[in-house]
Engineer: 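Before anything else, here's the structure in question.
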Protein chains: 2
Amino acid sequence: MTTPLPTCGVARFLVLLDGPWATLIVRELLRGPHRFTELRATLPGISPHTLTSRLRQFETHGIVTRTAHAEIPPRVVYELTPLGRELRPVLDAMAAWAAAVPAAGTPAD
Amino acid sequence: MTTPLPTCGVARFLVLLDGPWATLIVRELLRGPHRFTELRATLPGISPHTLTSRLRQFETHGIVTRTAHAEIPPRVVYELTPLGRELRPVLDAMAAWAAAVPAAGTPAD
DNA sequence: CAGCATCCTAAATGATACTG
DNA sequence: CAGTATCATTTAGGATGCTG
């Protein structure tokens, strides 16, 4: 965005976790290291384009490590860095809020 | 988005707080009720278009109330609902994470 | 398997001008 | 004051096809 993003430290979180998929990917990685196709499988509907794009940004911002194993077939493992793992309380707070929403559908998640 | 958004309850938070301004507006409203121009003043760079759009969506989702006083000049006050106020822990968690980021700029915010 | 290249859509946002 | 209307920009995301 062209926005100056002046307001506060929260902005740092917002630019990184921009877009709905970003948060969901982090949420999956909080469960442990994942390969590319594993992430695709656990995130129904995501396109490889989007997944790659988000993972690259996470790498750049230092919340995810990418480990490529030079094998046949190739194997690439994505894992949260310590900084990335510190995002768990934020995700938990989001989930807690969503669960507390009264009329919005099935809170059974 | 055309996304199915199937994953989890967190998605409810994500669709509502979509875009960088959305979270920042809620953050300001957590400090208390605000008038339209007050919000504009506390959110440098936001356009009235964007502010109106976000506030309308917050109204629709039941996290903000809009109170219009039929006076001259008109006065409209936006205030978080109880559900909206429950977003505070989430915003706090975001801010806490951002403050914990080591190399990202001035953590003095 | 793990992408990348290319084209396209939708939505959030911005700029500017105007109104009840 | 509190918006609305219109136009343009930016970007997340999707679809498809191809490669190392």
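Numbers restart at 1 for each chain; the letters A, B, ... are given by sequence-line order, proteins then strands. Only this structure's heavy atoms are used, side chains among them; waters, hydrogens and symmetry mates stay out.
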Engineer: Between B:T37 and D:dA2, is there a side-chain N or O to OP1/OP2 distance below 4.0 Å?
Structural biologist: yes
Engineer: When the distance from CG of A:L43 to P of D:dA12 is rounded to whole Å, what number comes out?
Structural biologist: 17 Å
Engineer: Nearest heavy atom decides the nucleotide; on that basis, is B:L55 or A:I46 closer to the 5' end of DNA chain D?
Structural biologist: B:L55
Engineer: Quick check: on DNA chain C, is the nucleotide nearest B:A22 upstream (toward 5') of the one nearest A:P73, or the reverse? Name the residue that is more 5'.
Structural biologist: A:P73
Engineer: What's the closest nucleotide to the side chain of A:P48 if the choices are C:dG3, C:dT13, D:dG3?
Structural biologist: C:dG3
Engineer: Where is the tightest heavy-atom contact between B:L14 and A:P20, given as atom of each residue plus distance?
Structural biologist: CD1-O, 3.4 Å
Engineer: Among D:dA2, C:dA12, C:dG3, find the nucleotide with the atom closest to the side chain of B:R75.
Structural biologist: D:dA2
Engineer: Within this structure, what is the CG-to-C1' distance between B:L14 and D:dG13, rounded to whole angstrom?
Structural biologist: 14 Å
Engineer: If you compare every side-chain N and O of A:R40 against the phosphate oxygens of C:dC1 (OP1, OP2), does one of them come in below 4.0 Å?
Structural biologist: no
Engineer: When you get a sec, tell me which of D:dG20, D:dT4, D:dG14 is the closest nucleotide to the side chain of A:P74?
Structural biologist: D:dG20
Engineer: May I have the distance from A:R54 (atom CZ) to D:dA12 (atom P), rounded to whole angstrom?
Structural biologist: 5 Å
Engineer: Between C1' on D:dA2 and CD1 on B:I72, what's the gap in Å once rounded to a whole number?
Structural biologist: 11 Å
Engineer: Using atom NE2 of B:H69 as one end and atom P of D:dG3 as the other, report the distance to the nearest whole Å.
Structural biologist: 11 Å
Engineer: Report yes if the side chains of A:R56 and A:R66 come closer than 4.5 Å at any heavy-atom pair, otherwise no.
Structural biologist: yes
Engineer: Within a strict 4.5 Å, meaning less than it, do heavy atoms of the B:R35 and B:H69 side chains meet?
Structural biologist: no
Engineer: Write down the distance between CG (B:L17) and C1' (C:dA11), rounded to a whole number of angstrom.
Structural biologist: 16 Å
Engineer: With a 4.0 Å limit, can you tell me whether B:T50 has a side-chain N or O closer than that to the phosphate oxygens OP1/OP2 of C:dG14?
Structural biologist: yes
Engineer: Please tell me which of B:F36 and B:H49 maps to the more 5' nucleotide of DNA chain D, matching each residue to the nucleotide holding its nearest heavy atom.
Structural biologist: B:F36
Engineer: Using whole Å, report how far CG of B:D18 lies from C1' of D:dT10.
Structural biologist: 14 Å
Engineer: Taking atom C1' of C:dA2 as reference, at what distance in whole Å does atom CD of A:E59 sit?
Structural biologist: 13 Å
Engineer: Could you give me the CA-CA distance, side-chain angles and deciding distance for A:S47 and A:T50, then say whether side-chain hydrogen bond (donor to acceptor under 3.5 Å, both in side chains) is met?
Structural biologist: CA-CA 5 Å; A:S47 62; A:T50 300; 3.0 Å; yes
Engineer: Indicate the atoms forming the closest heavy-atom contact of A:Y78 with A:L29, along with that distance.
Structural biologist: O-CD2, 3.7 Å
Engineer: Does some side-chain heavy atom of B:E79 sit less than 4.5 Å from a side-chain heavy atom of B:T67?
Structural biologist: no
Engineer: C:dA2, D:dA2, D:dG3: which one has an atom nearest the side-chain heavy atoms of A:R35?
Structural biologist: C:dA2
Engineer: Check the phosphate of D:dC1 against B:Y78, side-chain N and O only, distance under 4.0 Å to OP1 or OP2. Yes or no?
Structural biologist: no
Engineer: Tell me which nucleotide among C:dG3, D:dA12, D:dG3 gets nearest to the side chain of A:P20.
Structural biologist: D:dA12
Engineer: Would you indicate what A:R56 reaches in the nucleic acid, counting non-hydrogen atoms under 4.0 angstrom: base, sugar-phosphate, or nothing?
Structural biologist: sugar-phosphate
